[in-house]
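Order of the sequence lines fixes the chain letters, A, B, ..., with proteins taken first and strands second; residue numbering starts at 1 for each chain.
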2 protein chains.
Amino acid sequence: MVRGTRNGPYFCGIDAAMDVISGKWKVLILWELHHHGVRRFAELRRGLPGVSEKMLTQHVRELEEDGLVRREVYPEVPPRVEYSLTDDGTSLNASLASLGLWGTERIRRTGAAKVTP
Amino acid sequence: MVRGTRNGPYFCGIDAAMDVISGKWKVLILWELHHHGVRRFAELRRGLPGVSEKMLTQHVRELEEDGLVRREVYPEVPPRVEYSLTDDGTSLNASLASLGLWGTERIRRTGAAKVTP
DNA sequence: CCTGATACTTACCGAAAAGTGAGTACCCCA
DNA sequence: TGGGGTACTCACTTTTCGGTAAGTATCAGG
């Protein structure tokens, strides 16, 4: 059985939410946009140490397809593209907040290290 | 760069939480245990249509390693193994609740189908 | 006595996800 | 005139994930 499920069918709400945020960098992209409001491609890249350009474009495009991220292209030279959260993205992020708190607590308890920026 | 990160380093709390729940069936296992309290291996299996025995053991063991699931083996024949949530698992599940609501709302909005049980 | 249930393990395979490195077209600054 | 920044795409390789099928030991029921 294959359920490489972008857009259902789902077992439940969590399943659907996980579908949309699964990808190594997606929640981090959401987080970054939440904290900065608007970010350009290269800013996002610098904010996520280790991400490749390929993965960043790919993930950001999927988030756009899923209606969580807004992508605005300015026809300038050199090119300028700005990313920000849509209302859906914002509410997703809010729903991720408690998960974030749980994770922070866990890092504290287990003494796991943080990535050095 | 490789960050196939089970147990850090993490960028932030969400990163840490995602680490622990990434795996095709993990949140579903948590969900199932949350709703039934205690489940045996075969019950869990029947509750997750499509999961293979291999993946179920693997995921359940990782959840145990991560301290989210309790595994009790009764030295009987035929074997009996009971799974339940630990306190950590319970609080994780609580933190997943708002994400679940968001997902349910999304299913409603997008008209995505549910898996037929 | 054969089947099915119990809870797994092991080996193998294909698919999907992620990483690498190059190329693109134009501009600004030294 | 050469280097760096802008936002990518494309081809290719590697790594990881998940699925399939078989095997294991024991017992209960028909």
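- The structure places CD of B:Glu43 at 11.5 Å from OH of B:Tyr83, a figure rounded to the nearest 0.5 Å.
- Put simply, A:His59 has no side-chain N or O that comes within less than 4.0 Å of OP1 or OP2 on C:dA17.
- Ranked by how close their nearest DNA chain C nucleotide is to the 5' end, A:Pro79 and A:Ser52 are led by A:Ser52.
- For the pair A:Asp15 (side chain) and B:Leu28 (backbone), a donor-acceptor distance under 3.5 Å is absent.
- The CG atom of A:Leu56 sits 13 Å away from the P atom of C:dA18 (whole-angstrom rounding).
- No donor-acceptor pair closer than 3.5 Å links the side chain of B:Ser84 to the backbone N or O of B:Val38.
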Start with the C-alpha gap between B:Arg70 and B:Thr86, add the side-chain angles, then the distance that decides, and say whether side chain to side chain donor-acceptor pair (under 3.5 Å) holds. CA-CA 6 Å; B:Arg70 191 177 298 113; B:Thr86 61; 5.5 Å; no

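- Taking the side chain of B:Met55 as heavy atoms from C-beta on, and the options C:dG19, D:dG18, D:dA7, the nearest nucleotide is D:dG18.
- Tested against A:Tyr74, the residues A:Glu82, A:Arg40, A:Arg80 include a single side-chain hydrogen bond (donor to acceptor under 3.5 Å, both in side chains) partner, A:Glu82.
- Residues B:Leu68 and A:Arg106 come closest through the heavy atom pair CD2-NH1, 4.1 Å.
- Side-chain N or O atoms of B:Arg71 include none that pairs as donor or acceptor with a backbone N or O of B:Val81 at under 3.5 Å.
- Contacts between residues 31-46 of chain A and DNA chain D, defined by a heavy-atom separation below 4.0 Å, involve A:Arg40, A:Phe41, A:Ala42, A:Arg46, listed by number.
- In terms of phosphate contacts, A:Trp25 brings no side-chain nitrogen or oxygen within less than 4.0 Å of OP1 or OP2 of C:dA17.
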Under 3.5 Å between N/O atoms: give me all the protein pairs with nucleotides 9-12 of chain D, atom names plus distance.
from, atom 1, to, atom 2, distance (Å)
D:dT9, OP1, A:Arg61, NH1, 3.0

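- Per the geometry, NZ belonging to A:Lys24 stands 12 Å off P belonging to D:dT15, to the nearest Å.
- Nucleotide C:dC27 holds its C1' atom 15 Å from the CZ atom of A:Arg80, rounded to whole Å.
- Distance B:Tyr74 OH to D:dC27 P: 20 Å, rounded to the nearest Å.
- One atom, CG of A:Leu48, and another, P of C:dG19, lie 12 Å apart when rounded to the nearest Å.
- Among the atoms of the strands shown, only primed sugar atoms or phosphate atoms (P, OP1, OP2) are found under 4.0 Å from some heavy atom of A:Tyr83.
- Here the C1' atom of nucleotide C:dA17 and the CD1 atom of A:Ile21 are 17 Å apart, to the nearest Å.
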Carefully, step by step, assess A:Leu96 and A:His34 under the rule side-chain contact (heavy atoms from CB on, under 4.5 Å). CA-CA 11 Å; A:Leu96 283 169; A:His34 172 67; over 6 Å; no

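- For B:Arg108, the side chain to side chain donor-acceptor pair (under 3.5 Å) criterion is met by B:Glu105, not counting sequence neighbours.
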